[in-house]
Amino acid sequence: EEKEREKEEYLATLPERNEDDSLQTRLIAALAYLLPLLDAAERFGWPLAAVNPGLFQLLTVPMYLLNAVPFGLGFLLVFFGMQAIAGNPETPALIRFNMRQAIQLDVMLFFPIILGTLARFALNYYEIDLPGLTILASSAVFLAVLACSLYSIVNCLMGSYAKGIPYISEVSELTLNDTRPKSKESKESKDPEKDA
């Protein structure tokens with residue numbers, strides 16, 4: 001009982017969560033997944049692009065815009081911009097959650113990059129050539145990011161949180177802990193049907 005009371009007192013000190021889920025909010029939340037998609041396409045999508053170039057046509061314009069920033073800083077600017085937006089408690093929770101999840105998804109690409117580098121080093125050291133393994137691994141990483149992104153984008157467009165990506169969704173949900181959920185009274189007072 002005491003812990004529950006302490007939790008309620010703590011939540012009362014936090015600002016109320018912005019639970020806007022308008023169409024504009026949903027679209028902005030869905031656009032966040034361009035970051036991991038573009039990063040994965042650039043690093044791991046080359047085998048699939050060679051087989052099916054049409055698959056990557058939609059990513060051409062955003063990729064061009066990010067790569068137009070000198071010194072390859074386009075991805076970094078977007079990355080840190082998304083971090084700032086996700087950390088702002090006044091931003092709608094749907095955008096904050098999805099930006100943080102897209103960032104986490106992009107950061108997770110670090111692991112296959114490191115593994116690929118170590119594998120390449122080992123294969124070169126022992127003078128082994130396994131091009132099929134490289135193609136398979138790169139395609140698998142890209143398809144995994146594509147699947148997670150599409151799952152999340154569909155959830156964004158429906159106005160719900162994509163909480164089904166193991167570990168990444170849990171970490172992303174922590175973003176919302178600096179705000180408290182809206183109380184039932186404030187939800188009812190903003191409901192246009194109640195005012196009519």
Side-chain angles (χ1 to χ4, degrees), residues 29-87 95-157 160-177:
L31 282 174
Y33 293 96
L34 276 176
L35 178 70
L37 266 178
L38 292 172
D39 209 4
E42 187 172 56
R43 297 173 191 274
F44 301 103
W46 56 270
L48 294 173
V51 175
N52 187 359
L55 181 68
F56 292 86
Q57 290 299 318
L58 291 173
L59 301 177
T60 307
V61 172
M63 184 73 79
Y64 175 77
L65 293 173
L66 283 178
N67 288 330
V69 178
F71 309 112
L73 295 176
F75 277 100
L76 276 177
L77 290 173
V78 171
F79 182 87
F80 287 118
M82 287 173 60
Q83 286 279 30
I85 293 168
I95 292 174
R96 294 178 68 208
F97 174 85
N98 285 290
M99 284 203 174
R100 186 71 70 195
Q101 184 155 280
I103 290 166
Q104 293 297 325
L105 198 54
D106 194 50
V107 167
M108 294 304 271
L109 288 174
F110 175 75
F111 296 108
I113 290 169
I114 294 297
L115 285 174
T117 303
L118 292 174
R120 240 183 331 274
F121 174 75
L123 292 173
N124 288 339
Y125 181 78
Y126 292 108
E127 298 178 3
I128 300 172
D129 188 26
L130 295 174
L133 180 63
T134 304
I135 291 170
L136 181 66
S138 292
S139 298
V141 170
F142 175 74
L143 290 173
V145 172
L146 179 64
C148 290
S149 296
L150 289 176
Y151 160 75
S152 300
I153 289 168
V154 167
N155 275 280
C156 285
L157 296 176
S160 61
Y161 296 87
K163 295 183 179 179
I165 303 173
Y167 178 73
I168 292 174
S169 295
E170 296 165 21
V171 171
S172 303
E173 205 166 357
L174 295 175
T175 299
L176 305 177
N177 284 347

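Throughout, residue positions are numbered sequentially from 1 according to the sequence presented.
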Check: [X] side chain, [Y] main-chain N or O, donor-acceptor pair, under 3.5 Å:
X    : Y    : result
Y151 : I165 : no
T175 : S172 : yes
Q101 : A162 : yes

[X] to [Y] - nearest heavy-atom pair and separation:
X    : Y    : answer
F142 : F44  : CB-O, 3.9 Å
P36  : A102 : CG-O, 3.7 Å
R96  : I85  : CG-O, 4.0 Å
E173 : F97  : N-CE1, 3.7 Å
F75  : L66  : CE2-CD1, 3.7 Å
L109 : A40  : CD1-N, 3.8 Å

Can you tell me how far apart [atom1] ([X]) and [atom2] ([Y]) are? Round to the nearest 0.5 Å.
X    : Y    : atom1 : atom2 : value
L55  : L146 : CG    : CG    : 7.0 Å
W46  : L48  : CH2   : CG    : 9.5 Å
S149 : L105 : OG    : CG    : 5.0 Å
Q83  : L76  : CD    : CG    : 11.0 Å
D129 : T134 : CG    : OG1   : 8.0 Å
E170 : K163 : CD    : NZ    : 11.0 Å

Exercise. Any side-chain heavy-atom pair from S139 and I135 closer than 4.5 angstrom?
Worked result: yes

For this session: Using side chain to side chain donor-acceptor pair (under 3.5 Å) as the criterion, list what pairs up with S138, not counting sequence neighbours.
Result: none

Problem set entry | Sequence neighbours excluded, every pair satisfying salt bridge (charged side-chain N to carboxylate O under 4.0 Å, His left out) that has a member inside residues 33-49 | D39-R43

